[in-house]
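Notes follow the structure.
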Amino acid sequence: VKWLDNVLSHNRVSGIAREHQGVSRRLTIEGLVGLALAVLLVRQLGLPTARAIAVAENLAKNEGRYIVPQGLMLTLDLSSFRADLLERLESAVEIAPIPKRGRPHKNKTGRLD
């Protein structure tokens, strides 16, 4: 969680809105796909985070293909990657409760819940 917060605080990721402190971030599916691709590139290829984000966004925009000028081509089955990610997100949403934020409400006796 801390790594993710640091990445989003120090890097621009398409599809993820940057807000002020204390405001929940809004994430689009495209932002989540880009971020998941970046994590894959960091873990599997050892790319630095900022570079992984740039490559991931390029992969997402170019239907899973990334070609560098020297001829190296990186390909990814983007539709399968996206489908797997959405399936895992759906499962996570079903089991994860939404944490309460802010001060607890007072009940009728004046005590905090």
*With the side chain counted from C-beta on, respond yes when Leu59 and Leu78 share a heavy-atom pair under 4.5 Å apart, and no when they do not.*
no

_To check you understand the geometry: which heavy-atom pair defines the closest contact between Ala52 and Leu41, and what is its length?_
O-CD1, 3.5 Å

_Minimum-distance pair of heavy atoms, taken over all atoms of Thr49 and Val42_ = CA-CG2, 4.0 Å

*In terms of hydrophobic clustering (I, L, V, M, F, W, Y; side-chain heavy atoms under 4.5 Å; direct or indirect links), are Met73 and Leu45 co-clustered?*
no

*How many angstroms lie between atom CG of Leu74 and atom CG of Asn62, to the nearest 0.5 angstrom?*
11.5 Å

*Find the distance between CG (Asn58) and CD1 (Ile67) and round it off to the nearest 0.5 Å.*
9.0 Å

*Would a 4.5 Å heavy-atom cut-off, applied to side chains only, mark Thr28 and Glu30 as touching?*
yes

*Could you pull out the closest heavy-atom pair between Ala38 and Ala56, with the gap in Å?*
N-CB, 3.5 Å

_Could you work out, with side-chain contact (heavy atoms from CB on, under 4.5 Å) as the rule, every residue matching Ala54, not counting sequence neighbours?_
Arg51

*asked:* Under the rule for salt bridge (Lys or Arg N to Asp or Glu O under 4.0 Å), what residues qualify as partners of Arg65, not counting sequence neighbours?
replied: none

*If you measure from CD on Glu57 to CG on Leu35, what distance do you get to the nearest 0.5 Å?*
9.5 Å

*Going only through I, L, V, M, F, W and Y residues with side-chain contacts under 4.5 Å, is there a path from Leu40 to Leu89?*
yes

